[in-house]
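Read the numbers this way: they start at 1 and go in the same order the structure lists the ligands and their atoms.
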Amino acid sequence: TPAGTIIAVDGPAAAGKGTLARRLAVAFGLPYLDTGLLYRAVGRRLLDAGADPRDAIHAEAAARALIAEDLARTDLRGPAADMAASAVAAIPAVRAALLDWQRDFGRAQGAVMDGRDIGTVVFPDAQAKLFVTASIEERTRRRLAELRARGIAADPAQVEAELRVRDAQDEARPVAPLRPAADALLLDTTDLDAEAAFTEALQLIESRLGKDLDTRRA
Ligand code: CDP
Ligand code: CDP
């Protein structure tokens with residue numbers, strides 16, 4: 001892989017973006033960034049302060065404070081943080097505050113980055129873009145299994161409803177909505193396990209990077 005290569009991995013909640021992107025990063029020898037953690041950390045800060053995650057002024061201040069600090073300290077993976085992340089992610093000033101940090105991360109050494117808008121907004125000229133999906137039923141099963149593995153009992157109907165609300169919110173927002181880039185490679189993982197999804201993704205990316213190199217040489 002040429003130095004500075006960006007591989008974008010976008011898609012809806014619990015589609016398997018993180019699992020796949022981490023493996024691709026190892027395979028291509030690139031750093032990995034889970035951009036969802038940025039929005040989760042901003043949402044968490046507002047929840048911890050007793051503030052409404054839809055409060056744009058407070059959320060922008062939290063985003064600006066965050067980028068200088070350590071992300072790994074708080075619980076960013078619970079259901080409350082899911083919804084708070086999606087709420088702050090709809091605020092344009094929050095996205096603006098996090099944009100340069102993400103671009104600097106990718107430009108330093110190239111990267112595999114997973115999120116919602118990597119291929120459309122953060123790196124529209126990424127060398128390879130994957131849009132990873134799975135049916136709502138399968139994504140609900142995956143999220144439930146994850147919660148179960150963490151010892152959290154959850155109601156399947158509620159988990160499914162929360163995924164639906166969050167995806168609808170992420171798709172409907174005017175700024176950086178969740179949608180595939182025009183040149184994204186679509187990967188439906190409904191009937192693929194993590195290993196099969198990785199194999200399929202590798203083939204898609206290698207053929208795209210190969211074509212890219214041919215075009216540059218021509
Ligand atoms: O990042 P995203 O929310 O899209 O998904 P994830 O955090 O990678 O979680 C997906 C879960 O589904 C993990 O527990 C995986 O082991 C599992 N899974 C997967 O990632 N890919 C498949 N093709 C099948 C299952
Ligand atoms: O792991 P999961 O797919 O459930 O969520 P995540 O990737 O951690 O993202 C949490 C929330 O952050 C999403 O529902 C989006 O609203 C927001 N997000 C975003 O707007 N843009 C990104 N690049 C990444 C996440």
Donor-acceptor contacts, no H, no angles, side chain residues 82-90, under 3.5 Å, sequence neighbours left out:
| residue | atom | partner | partner atom | Å |
| --- | --- | --- | --- | --- |
| D82 | OD1 | R40 | NH1 | 2.7 |
| D82 | OD1 | R40 | NH2 | 3.0 |
| S86 | OG | Q169 | NE2 | 2.8 |
| S86 | OG | D170 | OD1 | 2.8 |

> E146 and R142: salt bridge (charged side-chain N to carboxylate O under 4.0 Å, His left out), yes or no, with the steps?
Replying inline: CA-CA 6 Å; E146 261 174 5; R142 291 178 189 174; over 6 Å; no
>> With heavy-atom distances below 4.0 Å as the criterion, list the atoms of ligand 1 near L192.
In response: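 Atoms satisfying the 4.0 Å criterion: 22 (C), 23 (N), 24 (C).
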>> Can you name the atoms of ligand 1, numbered from 1 with element, that are less than 4.0 Å from a heavy atom of A194?
In response: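 Here the atoms of ligand 1 in question are 21 (N), 22 (C), 23 (N), 24 (C).
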> Is there a donor-acceptor pair under 3.5 Å between the side chain of R107 and the backbone N or O of G110?
Replying inline: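 No, R107 side chain to G110 backbone: no donor-acceptor pair under 3.5 Å.
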>> Test your reading of the model: is there a side-chain donor-acceptor pair from K129 to the backbone of P124, 3.5 Å cut-off?
In response: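 Present.
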> If you draw a 6.0 Å radius around CG in D193, do more than 12 non-hydrogen atoms from other residues or ligands fall strictly inside?
Replying inline: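 Atom CG in D193 is crowded, with more than 12 foreign heavy atoms closer than 6.0 Å.
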Contact table ligand 2 N or O to protein N or O, d under 3.5 Å:
| residue | atom | partner | partner atom | Å |
| --- | --- | --- | --- | --- |
| ligand 2 | 3 (O) | K17 | NZ | 2.9 |
| ligand 2 | 3 (O) | R116 | NH2 | 3.0 |
| ligand 2 | 4 (O) | R40 | NH2 | 3.3 |
| ligand 2 | 4 (O) | R143 | NH1 | 3.1 |
| ligand 2 | 4 (O) | R143 | NH2 | 3.1 |
| ligand 2 | 4 (O) | R166 | NH1 | 3.3 |
| ligand 2 | 4 (O) | R166 | NH2 | 2.8 |
| ligand 2 | 5 (O) | R40 | NH2 | 3.1 |
| ligand 2 | 5 (O) | R116 | NH2 | 3.3 |
| ligand 2 | 5 (O) | R166 | NH1 | 3.3 |
| ligand 2 | 7 (O) | R116 | NH1 | 3.0 |
| ligand 2 | 8 (O) | R40 | NE | 2.6 |
| ligand 2 | 8 (O) | R40 | NH2 | 3.4 |
| ligand 2 | 14 (O) | R166 | NH1 | 2.9 |
| ligand 2 | 14 (O) | D170 | OD2 | 2.6 |
| ligand 2 | 16 (O) | D170 | OD1 | 2.6 |
| ligand 2 | 16 (O) | D170 | OD2 | 3.2 |
| ligand 2 | 16 (O) | R173 | NH1 | 3.4 |
| ligand 2 | 20 (O) | R95 | NH1 | 2.8 |
| ligand 2 | 20 (O) | R95 | NH2 | 3.3 |
| ligand 2 | 20 (O) | R173 | NH1 | 3.0 |
| ligand 2 | 20 (O) | R173 | NH2 | 2.8 |
| ligand 2 | 21 (N) | R95 | NH2 | 3.0 |
| ligand 2 | 23 (N) | T35 | OG1 | 2.9 |
| ligand 2 | 23 (N) | R116 | N | 3.1 |
| ligand 2 | 23 (N) | D117 | OD1 | 2.8 |

> Any idea which atoms of ligand 1 are less than 4.0 Å away from a heavy-atom of A197?
Replying inline: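 Numbered from 1, ligand 1 contributes 23 (N).
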>> Assess the residue pair R141 and E137 against the criterion (salt bridge (charged side-chain N to carboxylate O under 4.0 Å, His left out)); give the C-alpha distance rounded to whole Å, side-chain angles, the decisive distance to 0.1 Å, and a yes or no.
In response: CA-CA 6 Å; R141 270 194 289 277; E137 294 79 13; over 6 Å; no
>> Looking only at distances, can you tell me whether any N or O atom of D193, backbone or side chain, sits closer than 3.5 Å to an N or O atom of ligand 1?
In response: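 Yes, there is a polar N/O contact under 3.5 Å.
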> Is the number of heavy atoms from other residues, nucleotides or ligands under 6.0 Å of R103 CZ greater than 12?
Replying inline: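 Counting neighbours around CZ of R103, more than 12 heavy atoms of other residues, nucleotides or ligands fall under 6.0 Å, so yes.
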>> Please determine whether side-chain hydrogen bond (donor to acceptor under 3.5 Å, both in side chains) holds for the pair Y39 and R116, giving the CA-CA distance in whole Å, both sets of side-chain angles, and the decisive distance to 0.1 Å.
In response: CA-CA 11 Å; Y39 297 93; R116 300 293 186 286; over 6 Å; no
